[in-house]
Amino acid sequence: MDRLAELNPAQREAVRTLSGPLLILAGAGSGKTRVITYRMAELIRHRTPADRILSVTFTNKAAREMQERARLLLGKSLPKRPLVCTFHALCVRILRQEITALGYPADFAICDRGDQESLARTALRDIRVSEKNLRPGDLLSRISRWKMGGIHPEDARDHVENDFDFLAAAAYRKYQTHLRASASVDFDDLLFLTQQLFEGHPAALARHQSRFEQVQIDEYQDTNAMQFTLIEALVRPHKNLCVVGDDDQSIYGWRGAEVKHILAFPQMFPGTKIIRLVDNYRCTDQILELANTLVRHNRDRHDKRLVAHKTSTNSVRFQEHADEQIEAEQVVREIAWIIKTKNVEPGDVAILFRTNEQPRVFETELRRNKIPYVILGSMSFFDRKEIKDLLSYLRVFVRPEDEISLLRIINVPARGIGAGTVEKLVARAVQQGSRVWRVIPEMIAAGELSPNTSQALSAFRDLVERYQAKCAANPRRLATIVEELIAEIDYEAEIDRQYKEPAQQEMRAAMLGELVQAVTQYAERNGDPSLVGFLEESALTGRDEEGDKDDQLTERGVKLMTLHSAKGLEFNRVYLVGMEEGLLPHKRSIGDTESAVEEERRLCYVGITRARDFLTLTRAECRVKWGKRRMSIPSRFLAEMQGQQPTLTGIEAESETDGDDGE
DNA sequence: AAGGAGGGTTTTTTT
DNA sequence: AACCCTCCTT
């Protein structure tokens, strides 16, 4: 009956602290998700209207899960529900309502990483800078840093540190002009524009301040300055803010997250109550000991030592393999064996790695052994080329002035509108300050194009207009319309043309089916489906999992994911693979500052503490990179976590490879 | 305009 | 090895 009885005293106190600023420093496996879910329930029991509670999570998946748990805790028929979502989703909600004040249309589009890259390319071309001098990716991260620092394109010039920045500042202006012209925003804009809104439009801020009485933030260690500013503004009237996090698990520094936000929280909010959760209910003592010992090598942290509540023998093993191929073979062979002989479910096992290139070999092996598996958080569904092409069609149907999407699909599949024609169209549009879509009929009428080209353009125009009408007239039948579209443009033929391997062709074609399914599910889930709604959801959900069918596989299969995506999760058995210098810590952070290596160490810490009962750390003695074989040396973290001095010189730093096969 | 060959580049992590 | 861009042929 009394749910709080299940909690330990510290947890209970956290759950019962219902007003004022509250900082919960929650170590790995200390039940923090449970605590803030219970706290949400407790707020409602103490008569906070549910819809006046905002709970911010790090991923959409975490949001869904928390909503589900809260629903179970509170009973099914809660008339009003708390808002549980990510920062970005919160900003979208606010902006849909208020963005016209900033001169954007309310139905602005959210562009994805791929769109950002092509915009960055265009911007560089505009200022005649070769991509060799400034890579689009580097430009984007510079722009991101400016935006997260609250710096407008026009002011970027004043925040220049070197020649690259100088070019980047010019490109930033172009980039933003293009974005605005196509009524689109990027991910950073969602935060940036919301902050602009709050700063420049007090009435708008007041509307949203009065909307929430209680705010909770999970994974607070990964909050960046802009997110902090937003939340501070939002809770200013009441200061009912509860943040939960662990400084040892801060792994998003490269995205502007600053550990200092969690360390300095009590200074920012005087009167903060601090509660520490150091009891670990997840890992065995051996696993936790490893984690504790490792993370003590970091200087910039709250000193704490988690207390294990589970004992074990043989729950940790170290393995060395000749190369990454054998590493994968051995790990998968062992997984196959424990599934068969130990009655272990594939879903209890996770393989964690640092980079997205690592899972490939494991994937092949798992498939060969016929073990069900899922790759989570890697290249997502919505990142695939064929999906992006089709989504671009849909976006063009919503707004043909969306230049980014229009240019992506105007000749995909090839329909006789070549690069030359596109160039003419763009030139004309730029010259007239118009849009390619509007310029097309003019160009046809002017008779400057060859008959074939005019014909092709008219056909394209006709296609778009027909589907526009269809989607608008029949939003409930979106899925069927998408099927018709795929058939009409014969996208399957395009796939067969692009990919020669039958296996590839099959896989890519299956993706099309999944898109149709995603649309179907969206329409089922949503009382009032619309194309705009679907596109928004797909943009925000981005890398998250999607679909019920996938959820099943997610439950039942071996899970493969990066250490970053593993944050917040736990598994009975964890294989932490590729424990090598250059991979973990990653090469890009080694040459860098010491704090970069500290972040890698935290990443390793996160990996270790995902394991409940069994942890296996493996490394390969050599590894193929860019088609070339390279020797690798053991990660310094292996020595550190076993209480040894790091030996950066020798290959035989790791002597602790006991051959005990454990199980 | 389309498609293929050849050459150069690339991999950190993601809302 | 995989991807993208450029150039060349048709």
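Proteins come first, then strands; the chains are lettered A, B, ... in the order of their sequence lines, and each starts at number 1.
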Tell me, with the steps shown, if A:H208 and A:E98 meet side chain to side chain donor-acceptor pair (under 3.5 Å). CA-CA 10 Å; A:H208 295 278; A:E98 311 277 358; 3.0 Å; yes
Report yes if at least one side-chain N or O of A:S565 is closer than 4.0 Å to OP1 or OP2 of B:dT14; otherwise report no.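 So the side-chain polar atoms of A:S565 do come within 4.0 Å of the phosphate oxygens OP1 or OP2 of B:dT14, strictly under.
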Tell me whether the OP1 or OP2 atom of B:dT14 has a side-chain N or O from A:T59 closer than 4.0 Å. no
Which nucleotide wins on minimum distance to the side chain of [X], given the candidates [options]?
{"X": "A:K385", "options": "B:dT11, B:dT14, C:dC4", "value": "C:dC4"}
{"X": "A:R360", "options": "B:dT14, C:dA2, B:dT11", "value": "C:dA2"}
{"X": "A:R588", "options": "B:dT14, B:dA2, B:dT11", "value": "B:dT11"}
{"X": "A:R497", "options": "B:dA1, B:dT14, B:dG3", "value": "B:dG3"}

Near-parallel close stack of A:F187 and B:dT15 base (under 5.5 Å, under 30°): yes
Are the ring of A:Y252 and the base ring of B:dT13 both nearer than 5.5 Å at their centres and tilted by less than 30°?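 No, the aromatic ring of A:Y252 does not stack with the base.
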If I take atom [atom1] in residue [X] and atom [atom2] in nucleotide [N], what distance separates them, rounded to the nearest angstrom?
{"X": "A:E386", "N": "C:dC3", "atom1": "CD", "atom2": "P", "answer": "11 Å"}
{"X": "A:W626", "N": "B:dG8", "atom1": "CH2", "atom2": "C1'", "answer": "12 Å"}
{"X": "A:K61", "N": "B:dT15", "atom1": "NZ", "atom2": "P", "answer": "11 Å"}
{"X": "A:I417", "N": "B:dA1", "atom1": "CD1", "atom2": "P", "answer": "10 Å"}
{"X": "A:N356", "N": "C:dC3", "atom1": "CG", "atom2": "P", "answer": "14 Å"}
{"X": "A:E357", "N": "C:dA1", "atom1": "CD", "atom2": "P", "answer": "14 Å"}
{"X": "A:K147", "N": "B:dT15", "atom1": "NZ", "atom2": "C1'", "answer": "14 Å"}
{"X": "A:L603", "N": "B:dT13", "atom1": "CG", "atom2": "P", "answer": "11 Å"}

Answer with base, sugar-phosphate or nothing: what part of the nucleic acid does [X] contact at a heavy-atom distance below 4.0 Å?
{"X": "A:A419", "value": "sugar-phosphate"}
{"X": "A:R415", "value": "sugar-phosphate"}
{"X": "A:F87", "value": "nothing"}
{"X": "A:N452", "value": "nothing"}

Parallel, tilted or perpendicular for A:H88 and A:F187, by the 30°/60° rule?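 The arrangement is perpendicular - the two ring planes meet at more than 60°.
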Give me the distance, rounded to whole Å, that separates B:dT13 from C:dC4 when you measure between the C1' atoms they each carry. 23 Å
Starting from the 5' end of DNA chain B, give me the residue, A:Q227 or A:R135, whose nearest nucleotide shows up first.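 Final value for this comparison: A:R135.
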Heavy-atom nearest nucleotide on DNA chain B for A:T421 versus A:T86: which residue maps closer to 5'? A:T421
Qualifying residue for salt bridge (Lys or Arg N to Asp or Glu O under 4.0 Å) with A:R636, from A:E580, A:E581, A:E600: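 So, applying the salt bridge (Lys or Arg N to Asp or Glu O under 4.0 Å) to A:R636 and each of A:E580, A:E581, A:E600, only A:E581 qualifies.
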Please confirm whether the backbone N or O of A:D246 pairs with a side-chain atom of A:Q221, one donor and one acceptor, at under 3.5 Å? yes
Applying side chain to side chain donor-acceptor pair (under 3.5 Å), run through A:D218 and A:T57 and close with a yes or a no. CA-CA 5 Å; A:D218 196 3; A:T57 56; over 6 Å; no
Looking at side-chain heavy atoms only, is the closest gap between A:V577 and A:L352 below 4.5 Å?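 With C-beta onward as the side chain, the pair stays apart.
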